[in-house]
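Here is the structure we will look at.
Labels below follow one simple rule: chain letters A, B, ... track the order of the sequence lines, proteins then strands, and each chain is numbered from 1.
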Amino acid sequence: MENNLLNNLNEQQLAAVNCNLGNKLILAGAGSGKTRVLTCRVAKLIDSYDVKPSNILALTFTNKASAEMKQRLEKILKISSYGLWFGTFHGICRRLLKIHWNEAGISEYFTILDSQDQLRMIRRIIKSKNLDENLYDSKHLQNFINSQKDKGLRYDSSDNDDDKYRDIFRDYDLACRQTNSVDFADLILLSYEMLLTNENVLNYYRNRFRNIMVDEFQDTNTLQFKFLKLINGSSGSLYAVGDDDQSIYGWRGARSRNIQSFKDEFLDVEIFKLERNYRSTNKILSVANSLISNNKERLGKNLWTDTEKGDPVYLYEAYSGDDESIFIVDKIQELIDGGLKRSDIALLYRSNFLSRRLEEELNARSVPYKIYGGFRFFERSEIKDVIAYLRMAVNNSDDAAFERTINNPPRGLGEKTIHAIREYSKKNKITLWEAIHDLDAIGLGSTRIINSINEYKKIINSIYQDLTKHNLKKIIGNIIEYSSLSKHFDSKKNEEALSKQENLEELLSTAERFYQNNIDSEDIVVEFLANAALEAGEYQSKAHEDPVQLMTIHSAKGLEFPVVFLTGMDEGIFPNENRNINKDFLEEERRLCYVAITRAMKTLYITHANARYMHGSNNFLIPSRFISEVEDGLIEPIKISRKYRENVKSNNLNHDFNEFNQEGSFDNFSQEDNSNYFRVGQKVNHMKFGNGVILSYTGKKEDLKLHINFEHYGKKWLVLSYAQLDFL
DNA sequence: TTGTAGCCTTTTTTT
DNA sequence: AAGGCTACAA
């Protein structure tokens, strides 16, 4: 092994890289160089232990982490990494099923259902069973089914007392098999079951993958843990890298307790710790450590650094979401003018919807940016439409794709007709596609319906013919043409349809790019479909080479940026209020915040807004509890400048200078679109002063309570924002 | 019977 | 804002 590769590793890192074969657990704090250790370890295996790349299986959780590590590996490994299996759990399991579909008892051309497809399927089953949809909520059942599968359980062993739950679970799985569909959890569960019941296959992979590397081990769920245990066997070497403080996928069934279980359930586990942080300045790390020390459930480690103290961690308390984004983009422009690359700046947030206002401001001021995740490209409805046609051609038993395409664009086949087809297919246990070949038997005789269905069959068959004749781009282009989707959007002529047209264009170049990147692929169409389901948009156009980076904290895990803006640090948004705030949930949110803070290398800005437009109305917000949980003195508030106040006044409130007198009545509140909340001349019953005002008054219909965020402005008051509060 | 305009509800995070 | 649902026009 080239020595210079190891030259820059510290003692702890060297120990973790140079250890002998066997099961290892690396407890690696944030920014402790774990990706480097992992990549060096792969190099070490190949160079010193005579391991062939094909004897290595490397697993990650997110596509981005996977791409990042692949890139680093290719850079470090001078020799070919041919045969090394590398990818996400889901990606690797898809690969296994693609090879061993026969042993797994599924069709060769299975379709991967994304959560939306899955939900529709479940909804259909609940409907067909005539169950009360309030009692059997489809989302709830989706969670139930997924959580069972994530534990490795099928319907017959599932832990729910309600037999109906099991029935739906069973019927859903049957429907999946019948339509050659596989959901996300199934990718792993079917692989697991396939290995469990096929000794030869299991032995082959045990033998082949004697070295398994798993990154972000704290994110493994019960099923993934079982899967690893099974394939590792008693002679394999599992190299697991994880950090319990960065466990943020509990809601998806991840059990950070797997870190402890690893010690107990795998043979002779040796443990290494990486505690020195190289990434962040002392100040940033202090904030992170101070916050995470509020968590009780920790294995405990001592992350330290001897890097410079660095800039303070700043807190900006904005008046509103508008103010927040104006402040951020101002700062970004300042930083860029100072010579910083745009891509060195990341804007992180708890929920995708928070990106919208930030995007607007970046757009308005022509700052190039790239947004990861969010409304993903392959989740846009028009893209899913085209993809569904392609899915139908590849796997015509794909009922989900059938339902999506049969009357889209509208060709005169409505609910009645489709219902009849559905019933017939259910009765005869055939797919919807097969059903439309028996129109007589269904009793659909009208010429209009027959013509429409024949037209549909023709489209699908033409696409099928194209599969072997044309390249990917041409196939997709033809789908858009055959299906008349393009014509359909053309005829609409509104802005929305126009952007859909543009997205279809984009899909064509995406297809071309995918083809160029996978030129050796044997079955490009099938790979493309898998990519659409599993990666939902990695091949999106790169708008600019040097864009500001926008993403959720979840997708930022494993990445680092010189400058980070942690936005939307408002109670209710972060920690998120949509779930009951129990202790475990809160600890996970806190870990998520810890992850966000530790992404920053040099500078960290935390922003909070007193009011934010969300859920269709203006909401008053207080700063996230996580801000006050940090020890005093570690975070430096930024004084609100006059400039931002002007912005608030002029741009953001259509009732900028509203006055109301202390005796308690509104004088001239302009109401316009806010009449829900305010009426002119309303009597004020009660008023309380504070950082905001809580004020209740009697309205025409009922008593309402309002939150007013205001500031003294001379002798008058400037109302900055207000919101109805129905929970007080 | 189908298509569609407009109303209502609802939005965590990822594979 | 986007999907689901309802009411009504074709």
Side-chain angles (χ1 to χ4, degrees), chain A residues 59-66 87-94 112-120 123 133 138-139 143 146 149-150 182-189 216 219-221 223-224 247-254 348-356 372-376 378-382 384 407-420 444 446 448-449 452 488 491-492 494-496 499-500 530-538 551-557 568 572-579 585 588-589 591-593 595-596 613-617:
Chain A
L59 293 159
T60 60
F61 282 83
T62 60
N63 291 304
K64 193 127 40 69
S66 163
T88 63
F89 267 92
H90 293 87
I92 292 294
C93 284
R94 183 195 80 91
I112 301 170
L113 297 180
D114 65 18
S115 5
Q116 214 181 88
D117 298 325
Q118 184 188 37
L119 190 65
R120 279 179 203 203
R123 199 170 282 157
E133 281 176 66
S138 53
K139 276 241 165 74
N143 278 336
N146 286 337
K149 288 187 178 178
D150 284 345
V182 172
D183 64 32
F184 286 135
D186 258 352
L187 285 171
I188 299 171
L189 187 49
E216 312 280 11
D219 291 334
T220 47
N221 62 31
L223 175 59
Q224 288 160 337
S247 163
I248 56 175
Y249 285 100
W251 51 274
R252 193 171 88 176
L348 307 183
Y349 34 81
R350 175 63 177 78
S351 308
N352 281 308
F353 80 92
L354 289 163
S355 72
R356 207 170 298 147
Y372 295 85
F375 293 111
R376 294 148 162 235
F378 279 98
E379 282 169 7
R380 288 170 192 275
S381 64
E382 62 276 21
K384 291 201 75 165
N407 194 37
N408 181 16
R411 51 175 78 84
L413 299 168
E415 196 44 42
K416 265 273 151 72
T417 312
I418 291 162
H419 184 74
L444 294 170
S446 94
R448 200 197 48 188
I449 289 176
S452 288
H488 175 64
S491 65
K492 293 228 161 179
N494 56 29
E495 207 172 314
E496 201 191 344
S499 100
K500 290 187 181 214
N531 175 273
L534 290 175
E535 300 193 20
E538 272 307 294
M551 67 194 85
T552 63
I553 301 166
H554 280 90
S555 42
K557 187 155 75 146
I573 291 180
F574 196 10
N576 189 288
E577 69 188 345
N578 287 332
R579 282 284 165 90
F585 167 80
E588 178 152 315
E589 293 286 288
R591 289 193 293 270
L592 189 59
C593 189
V595 168
Y613 191 81
M614 48 198 261
H615 314 302
S617 65

Expressed in angstrom and rounded to an integer, what is the separation of [X] atom [atom1] from [N] atom [atom2]?
X        : N      : atom1 : atom2 : result
A/Asp117 : B/dT15 : CG    : P     : 16 Å
A/Asn531 : B/dT15 : CG    : C1'   : 13 Å
A/Asp186 : B/dT15 : CG    : C1'   : 13 Å
A/Leu113 : B/dT14 : CG    : C1'   : 16 Å
A/Phe184 : B/dT15 : CZ    : P     : 8 Å
A/Phe89  : B/dT14 : CZ    : C1'   : 14 Å
A/Glu588 : B/dT14 : CD    : P     : 13 Å
A/Tyr372 : B/dT14 : OH    : P     : 14 Å

Sequence neighbours excluded, which residues qualify as salt bridge (charged side-chain N to carboxylate O under 4.0 Å, His left out) partners of A/Asp219?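 For A/Asp219 the salt bridge (charged side-chain N to carboxylate O under 4.0 Å, His left out) partners, ignoring immediate neighbours, are A/Lys557.
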
[X] side chain: which of [options] is closest?
X        : options               : value
A/Arg123 : B/dT15, B/dG3, C/dG4  : C/dG4
A/His554 : B/dT13, B/dG3, B/dT11 : B/dT13
A/Arg448 : B/dT11, B/dT14, B/dT2 : B/dT2
A/Ser351 : B/dT15, B/dG3, B/dT12 : B/dT12
A/Thr552 : B/dT4, B/dT15, B/dT13 : B/dT13
A/Arg252 : B/dT12, B/dT1, B/dT14 : B/dT14

Stacking check A/Trp251 vs B/dT13 (5.5 Å / 30 deg):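 Stack criterion met.
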
Modelled atom types, side-chain donor and acceptor of A/Gln118 and A/Asn146, under 3.5 Å: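 There is such a pair between these side chains.
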
Looking only at N and O atoms, is any donor in the side chain of A/Thr417 or the base of B/dT2 less than 3.5 Å from an acceptor on the other one?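 For A/Thr417, whose side chain was compared with the base of B/dT2, there is no donor-acceptor pair (under 3.5 Å).
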
Answer with yes or no whether A/Arg350 presents, from its side chain, a donor or acceptor under 3.5 Å of a partner atom in the base of B/dT13.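 Answer yes: a donor N or O sits under 3.5 Å from an acceptor.
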
Would you confirm whether A/Tyr349, through its side chain, and A/Met551, through its main-chain N or O, come within 3.5 Å as a donor-acceptor pair?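 Side chain of A/Tyr349 to backbone of A/Met551, a donor-acceptor pair under 3.5 Å: yes, one is there.
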
With nearest nucleotides of DNA chain B determined for A/Asn407 and A/Glu589 from heavy-atom distances, which residue corresponds to the more 5′ nucleotide?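 So the residue in question is A/Asn407.
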
Got A/Thr552 and A/Leu348 here, is their nearest side-chain heavy-atom distance under 4.5 Å?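 Contact flag for A/Thr552/A/Leu348 side chains = no.
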
Measuring to OP1 and OP2 of B/dT13, would you say a side-chain N or O of A/Asn352 lies under 4.0 angstrom away?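 A/Asn352 to B/dT13 OP1/OP2: side-chain N or O found under 4.0 Å.
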
With sequence neighbours excluded, what pairs up with A/Phe89 under the ring pair (Phe, Tyr, Trp, His ring centres under 6.0 Å) test?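 Counting only residues at least two positions away or on another chain, A/Phe89 forms a ring pair (Phe, Tyr, Trp, His ring centres under 6.0 Å) with A/Phe61.
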
